[in-house]
Amino acid sequence: MENELFMNVGVSHPPEMTTPPPSSSSEMLNWVSMETQPMEPSLSRNLSRDCFFWEKSTEQSIFDSALSSLVSSPTPSNSNFSGGGGDHFVIRELIGKLGNIGEIYGTPASNGNGSGSCYATPMSSPPPRSMMATNASPLAEFSGDPGFAERAARFSCFGSRSFNGRTTNSPFPINNGSVAATVATSGKMTRVSSTPSLKPLTSQIPAGEYSGEVSRKRKVKSKDYSSFKASPSPNLSKEIEEKEDSDPKRTKKSEENADKTKELDPYKDFIHVRARRGQATDSHSLAERVRREKISERMKLLQDLVPGCNKVTGKALMLDEIINYVQSLQRQVEFLSMKLSSVNTRLDFNMEALVSKDIFPSSNNLMHQQVLQLESSSETLQLNPNISSNNIMDPLETSETRSFVSHLPSLTHFTDSISQYSTFSEDDLHSVIHMGFAQNQIRESNQTQSHTFQGPSSQVPSHMKAEL
Amino acid sequence: MASSTIQTLTTTFPIKEIFALHFLHSLSKLRRQKSFTGKTSERARKIKIAAYISMARATGGTSRRWSRAILWRLHRRAKARKILGYTKLKKRSSGADVGRIRRRRKDAEEDRLRTVVPGGGDMETLRLMMETAHYIKCLTMQVNVMQSIVDALSSA
């Protein structure tokens, strides 16, 4: 029966199935991966044929036999799993192997076959493969999870196609037919379960990382599998129910994917960016979707910044809110500046002392000392901001100012350098501009051009507007 | 991955002390100007400009496009065009963005955002949002510092 199944799939290694069953799970993996290697170019055709064949024939019996073969083959070999939790344990082991099989499917691709798909849909781009490598690790972590077995089943059925890019170990020889059989059975098992349970697994595969070339090719198989809506055998249904119940993640994700309503193409785009059902799957739209997701992420970030925006949803309204908030902040700055100007005229200008105590609660000693130094000399020097900026800036600026000033802050030295700026006019804006000039020069060009700015000092427009 | 980039971008927020220092010193300098006792609106405007400049400088350099834009507007106003280094400032917006920008112009809300946030004229949407987030952070910081200054001055 097994041989028949494998022959149906058009496997070129039917006799391999008759070899003694692998003594360990790794050998089983070998077994699986070997199949995938030669199978790729012809798999799609074979599978399409096989699907129809299976549909016509007594699927249940075939699946039962395949499943039983899979179940039976590891059990005698693997003493670890002997006599475990009964059916459930066997199933978990099987599913674990299926999950491994899913992982192994990546190896043929990674081994330079060119096409990474185990089902003859070559994944043309390397990046998805490399990205899929990252998926291998979370899956490895899953193996410790008691619910992994259930999830692995779904993974494997998708994984047969989706984990193409997995860079796992060297490929092992595997019988094509058995792989197809296992995949078919697992696919069928998952298929029999309600489609929401399928979707969670599809969503589990990270969405944002795939370029999405394979989606089109998967459609062939998806259609074929969709035609499979066969009633499950009692064994399979029981297994499915067992898998379905235990995973809370799945239910959560099924809610997330509730928007998917189409029944027909479950495996449409399950490999990569999670192209949702009924949506275009070409690379442009997928990239577009990734971009949109990024935008929505940033919008959420902005929502956190702007207070009171939790209820507003939607991009336009959110943007409105943000714009209003920014404008209100700017108005506040303007209002406060007006208030400051009125306060300034009234009081003496000992701000530095005041504020250094108020606003620098935890400033380091260096800053404090420099502030005090600067305050003491503030009356004599006009370029206080420049000095302070030279002293207390981020490392980038300080390095540049040092290069400009060629010395660490010492006030006398600063007076020397400041004397270059002696052509200050008494225009407020002019001084302010020179602040900006000097700063920017120091930052941007690392040249001693700032003193050249003294020339246009007289041209400083008094009509400088604050159109910030 | 995206969230981490966002976090790294927004955690480079301006340090209050640096801004306060810049601002205070510029204020002190302004105060000593003879024309300081002019109209309140004039003074207020100058103070506002000083505040924005200090804020732009307090962002740790020109890591943000809007800070660069503010400073660049200064230079432009001062007719310092003969210095080529500053024309390069604006040109840093790469041509790769231009094509995308033309496509995104149809979004009216975004354009409003661009007009509000300084330097947002030729940034694409994603970048614009990051800059907006950073700008909001800086603005709130600025408002807080200025408010505390006013309080400290008015109380003492």
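By convention in this document, chain letters (A, B, ...) are assigned in the order of the sequence lines, proteins followed by strands, and residues within each chain are numbered from 1.
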Please list, chain by chain and in numerical order, all residues satisfying side chain to side chain contact (heavy atoms under 4.5 Å, CB included) with A:Asn324, sequence neighbours excluded.
-> A:Gln327, B:Arg112

Closest approach of B:Ile136 and A:Val306, non-hydrogen atoms and distance?
-> CD1-CG2, 3.9 Å

Counting only heavy atoms closer than 4.5 Å, note whether B:Gln142 contacts chain A via side chain, backbone, both or neither.
-> side chain

Kindly compute the distance separating CE (B:Met146) from CD (A:Gln332), expressed to the nearest 0.5 Å.
-> 10.0 Å

Test item: A:Leu336 and B:Ile149 side chains (from C-beta on) under 4.5 Å apart, heavy atoms = no

The interface call for A:Leu302 against chain B, heavy-atom contacts under 4.5 Å, is side chain

Where on A:Phe335 is there a heavy atom nearer than 4.5 Å to chain B: the side chain, the backbone, both, or neither?
-> neither

